[in-house]
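Order of the sequence lines fixes the chain letters, A, B, ..., with proteins taken first and strands second; residue numbering starts at 1 for each chain.
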Amino acid sequence: MYQQVKEYWKNLIEEQLHQIAQEKGVDASLVRAAGELAVNTTPSPDMGDLAFPLFPFAKVLRTSPQNIAQEIVKRLKEVEGVSPDSLLPSGPYLNVFIDIPQLARSLRESVCAEGDEYGHTDLFEGKRMMVEFSCPNTNKPLHLGHLRNDAIGESISHILKANKAEVEKVNLINNRGIHICKSMLAYQKFSEGETPESSGIKGDHLVGKYYVRYAAWEKEDPSALIQAQQMLRKWEEGDEEVMDLWNRMNRWTIEGIEETYRKTGVSFDSYYYESDTYTLGKDTILKGLEDGIFYRAEDSSIWIDLEDIKLDKKVLLRKDGTSLYLTQDIGTAIQRHEKWPFDSLIYVVASEQAYHFKVLFHVLAKLGYQWAGNLYHLSYGMVNLPEGKMKSREGTVVDADDLIASLTAMAKDEIIAKNREKEVGDIDDVSEKIARGALNYYLLQPSPTKDMIFNPAESISFNGNTGPYLQYMGARISSMLAKWEVMKDEYGDVPFEPSLLSVQDERELIKMIALWPSLVAQAAREYNPSIITSFLYDLSRTFSRYYHDHAVLKGESRELIVARVALVTMVLQVLKNAYALVGIPFLESM
RNA sequence: GCGCCAAUAGCUCAGCUGGAUAGAGCAACAGCCUUCUAAGCUGUGGGUCUCAGGUUCGAAUCCUGAUUGGCGUACCA
C-alpha cells in the first residue's frame, strides 16, 4: 500500500521531468539514462515523508537541482488531485507529504481483514522451499552455536512461509562416525550402566558427560583411539552389541535435544539421519566414477578435480571405501529431492563450512542434477564470547539448557520483584516465554552473515533493546485494549476519523504499519531475520514514546479515543505478526 | 602461501539498491512514577565510519591497494 503511494508520486514526478525535458528540447532517453528517480525518506518528519533527490537530472536539464525542484512543484500544483500543501521543495530535493489519514483508513481495513496475515506477501507463491538447520551430533547437548543456528533456521522458515512458500523444515542428525563411538566407548568402560532415569541427568547431558570422559581417558591410555576405530568398524558391520548401545545412547541424546527444542520453540517437519544416507552417497560416487566424472587415485581413493571452479582436488571416498562428510551430504541431498522435490534448498550452516558447500553444490551439478543450482548455503557467522572463542577444552562452551534455565530464572525473579505474579497467571510459563523471546531476539538482531559476540550478562539483561522490551509493548497494548473492551459499548456510535491522528508519532506509526509488508518480503529475499528484529525495535520504541506522551483511553474527545484505539489495535497486530517471525512469544500480560 | 569474510561511539550492533547534520542499546551523568504496568520515557556527553588512493554533482556505502582480525585451504564434521 505504501508502495503504491510511493509509485504514485514517483510516476507523477517522472512525468514532469520528461515534460520539462521535452520543452527544453532534451531527448527523453537522456533523462532516463541519467538514472532512476530515487525515492528516499526525509531526515526528519517535519520535512515531509518522501524525498526525491534531483541531482542526477541537473546535467541533462542544464539547470540546478534546486531549480528543477521548484519547477516540478510549480507544475504539479496544476495537476488534478495534487494538494499544493503536500509539496515541499527543499533545496535539491523535492519532498512530499503523503496523505496519512487516507493511508490510515485503508490500512485499518486491510489490517482488520487480514489479521495475523497482515504483511504476508505472495513473493514465493507456489515455491517449495526446504530449510535444513540445527543438525546436531548425538554425542553431546546443544550449545550456544546451535542456538543461533536454530533461531535463524526457524525464523527463516517462518519468513518464507509468510511469503507464501511451501516450507519443509528438515533436521539432519549426525549420528554416526568416530566421534559418536568415542562417547559410546567411554560409556561402556566407565558408566556402570547409569541411565538418564537412574542418574536423573538429561539424556543428552549424560552422553555428553561420557564424551568428555573419553577425552580424559584418551590422554591416559594411548590405545583409546584404536579402540574407538575398532568400534566404528564393528558399527559398520552391524555388530549387535554395538548397535544396541548406539541405539540406546542416540535415543537419550535425541530425546534430550528435543526437550531443548521445545523450550526454544524449534520444530521440524522431518528428520534425516546420516546413518541412513551415507550409503546412497557412496553409491552415487561410485556411479560418478564409472561415468568418468571422478577419478581413482593410486591408493584407490576416489577424487574430484575442482579446477573448473578454481579449487584444488578433493577426496570423495576414502581408500578403505568408507564415506566422508561430503559423501554423506551428497546422498542426503539426493534423497531429499526424491522424497520432497524442492524448488530450493537452504542450508543454514556456519560460515566455516562455506568451502564444503561450494564443493557439494559443484559435485551435484557435475553429477547432472538440475536442481543443484537451487541449493543455497545460508552462511551465518560464528558466535564468540567477550573473552574470545568458545573452547570445549577450556570449558568455555555455553550450554544451551543452562543458558535457558538462567534466563528463565531471571525472568521469574523479575516478575516477583515487580509484584506481577497475580497478573501474569502461570508464572513458569510466562517466565519461559520471556526467556525464549530474550534469547531469540538477542541471537537474531545482528545480520546473520556476521560473526557476533554473545555477552551472557547482556543477554540476561531485560532493559533496553531486548526481547522483553518488545514483549512489554505487546503486553501494554493488550492491557489497554482489555480496558477498552469494557468501555467500548459507549462508543458504538463514534466513527473512525483518521485525520485526528495528527501528532508526529501517530504519523510515524501509521507509516511503519504501512511499511510492514515490504519488510516481510525483504527479509525473505535476503534470508535475513534481522530486518524483522530491527523493525520490531523501531516500532516498539516509537510506540513506547507515543503512549507515554499521549493518553489513548483518556483522549480529549470520544472521536480521538476511537481513532487512537484503532491505531493501537493495528500496532498490536503488526507487533504480533512480527513476533511470530522471529520467535518472540506474545504475552498478554507480563 | 592462496581463498573467503569483516573493520562504524569505551562496549555490542543498525545504517535499504551511493543522497540532506552517521543512528540505537549498554556503560556515564541529569531529570520523570497521586496520571492507560517505570521491563518505561526525556535530556547531556561520546565519531577523521581502520588507513591511502580512485569513480561521482555527492562515498560509511562502489572500485583498487595496504593494515588488523576471523574463517577456510584434512582420507574431521
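- Contacts of A:Lys59 with the nucleic acid, taken as non-hydrogen atoms under 4.0 Å apart, involve only primed sugar atoms and P, OP1 or OP2.
- Between A:Tyr527 and A:Tyr376, a ring centre-to-centre spacing shorter than 6.0 Å is recorded.
- For A:Arg564 and B:C36, the CZ to C1' distance is 12 Å, given to the nearest whole Å.
- Under a 4.0 Å N-O distance rule, the pair A:Asp429/A:Lys433 qualifies as a salt bridge.
- Regarding contacts with the backbone of B:A74, every side-chain N or O of A:Arg318 stays at 4.0 angstrom or more from both OP1 and OP2.
- Contact annotation for A:Ala51: base contact, defined as any heavy-atom pair under 4.0 Å involving a base atom.
- When the P atom of B:G25 is taken as reference, atom CG of A:Leu444 falls 20 Å away, rounded to whole Å.
- For B:C26, the paired base is B:G10 (Watson-Crick or G-U wobble, both distances below 3.5 Å).
- For A:Tyr472, taking side-chain heavy atoms from C-beta onward, the closest of the listed nucleotides B:G40, B:G72, B:C13 is B:G40.
- Figure legend: A:Arg176 and A:Tyr278 shown as a cation-pi pair, the cationic atom lying under 6.0 angstrom from the six-membered ring centre and within 45 degrees of its axis.
- Within 4.0 Å of A:Met47, counting heavy atoms only, lies at least one base atom of the nucleic acid.
- Rounded to an integer number of Å, the gap from NE2 of A:His550 to C1' of B:C41 is 12 Å.
- Using a 4.0 Å heavy-atom cutoff across all strands shown, A:Ile434 reaches at least one base atom of the nucleic acid.
- OP1 or OP2 of B:C41 lies within a sub-4.0 Å distance of a side-chain N or O belonging to A:Tyr469.
- The aromatic ring centres of A:Tyr441 and A:Tyr537 sit 6.0 Å or more apart.
- Judged by a 6.0 Å distance limit and a 45° cone about the ring axis, A:Arg558 is positioned over the six-membered ring of A:Tyr491.
- Under 4.0 angstrom from either OP1 or OP2 of B:A20 there lies no side-chain N or O belonging to A:Asn40.
- Note on A:Leu553: a base of the nucleic acid sits closer than 4.0 angstrom, heavy atoms only.
- Here A:Tyr325 lies in heavy-atom contact (under 4.0 Å) with a base.
- In the set B:C76, B:C13, B:U21, B:C76 carries the atom at the smallest distance from any side-chain atom of A:Leu324.
- Atom CG of A:Leu316 and atom P of B:C76 are 13 Å apart (whole Å).
- Atom CD of A:Gln471 and atom P of B:U37 are 18 Å apart (whole Å).
- Of the two residues contacting RNA chain B, namely A:His548 and A:Ser479, the nearest-nucleotide position lying further toward the 5' end is that of A:Ser479.
- Within 4.0 Å of A:Asn455, counting heavy atoms only, lies no atom of the nucleic acid at all.
- Comparing atom distances between the A:Arg476 side chain and each of B:A38, B:C57, B:C41 picks out B:A38 as nearest.
- Nucleotide B:U48 has no partner under the Watson-Crick or G-U criteria, as no pair reaches both atom distances under 3.5 Å.
- Contacts of A:Glu352 with the nucleic acid, taken as non-hydrogen atoms under 4.0 Å apart, involve only primed sugar atoms and P, OP1 or OP2.
- For A:Asn95 and B:A20, a side-chain-to-base donor-acceptor distance below 3.5 Å is present, hydrogens and geometry of angles not being considered.
- For B:C33, the glycosidic angle deviates from 0 by 90° or less, giving a syn base.
- At the heavy-atom level, A:Pro43 lies under 4.0 Å from base atoms of the strands shown.
- Nucleic acid contact class of A:Leu311 (heavy atoms, under 4.0 Å, all strands): none.
- Contact check, A:Lys389 against B:C71: a side-chain N or O comes under 4.0 Å of OP1 or OP2.
- Pairing partner, B:C62: B:G54, with both Watson-Crick or wobble hydrogen-bond distances short of 3.5 Å.
- Pair check for B:G18 finds none; no Watson-Crick or G-U wobble contact set falls under 3.5 Å.
- For A:Lys450, no side-chain nitrogen or oxygen approaches OP1 or OP2 of B:G70 to under 4.0 Å.
- Residue contacts shown for A:His377 are absent, as no nucleic acid heavy atom lies under 4.0 Å away.
- Between A:Lys358 and B:U73, a side-chain N or O to OP1/OP2 separation shorter than 4.0 Å is absent.
- At the heavy-atom level, A:Ser544 lies under 4.0 Å from the strands shown only through sugar-phosphate atoms.
- The phosphate of B:U17 has neither OP1 nor OP2 within less than 4.0 Å of any side-chain N or O from A:Arg525.
- Under the 3.5 Å distance criterion, the side-chain polar atoms of A:Asn149 are matched with a main-chain donor or acceptor of A:Ser134.
- Across all strands, A:Ser379 comes closer than 4.0 Å to no nucleic acid atom at all (heavy-atom distances).
- The OH-P distance, from A:Tyr272 to B:A77, rounds to 21 Å in whole Å.
- Between the P atoms of B:A30 and B:C51, the separation comes to 34 Å (whole Å).
- Across B:A77, B:U37, B:C57, the shortest atom-to-atom separation from the side chain of A:Lys483 is found for B:U37.
- Between the CG atom of A:Asn175 and the C1' atom of B:C76 there is a distance of 16 Å, given to the nearest Å.
- For A:Glu274, the listed nucleotide lying nearest its side chain is B:A77; candidates were B:U37, B:A14, B:A77.
- In this pair, A:Tyr442 and A:Phe454 present their aromatic rings perpendicular. The plane angle is above 60°, beyond the 30 to 60° band.
- The partner of B:U34, taking Watson-Crick or G-U wobble pairs whose two distances both stay under 3.5 Å, does not exist in any strand shown.
- Using bins of under 30°, 30° to 60° and over 60° for the plane-to-plane angle, the ring pair A:Phe357/A:Phe361 lands in the tilted bin.
- The pair A:Lys488-A:Glu485 meets the salt-bridge criterion, since a charged nitrogen lies less than 4.0 angstrom from a carboxylate oxygen.
- Residue A:Leu306 contributes atom CG, which lies 16 Å from atom P of B:G3 at whole-angstrom precision.
- A parallel orientation is assigned to the rings of A:Tyr579 and A:Phe586, their planes being inclined by less than 30° (bins at 30° and 60°).
- Both A:Ser540 and A:Ser447 sit near RNA chain B, but only A:Ser447 has its closest nucleotide nearer the 5' end.
- A:Ala551 comes within 4.0 angstrom of a base, heavy atoms only.
- Comparing B:G40, B:U37, B:A77 by their closest approach to the side chain of A:His179 singles out B:A77.
- Minimum atom distance to the side chain of A:Asp549 is reached by B:C41, of the listed B:C16, B:U37, B:C41.
- Shown here, B:G1 forms a base pair with B:U73; the pair counts as Watson-Crick or G-U wobble because both key distances fall under 3.5 Å.
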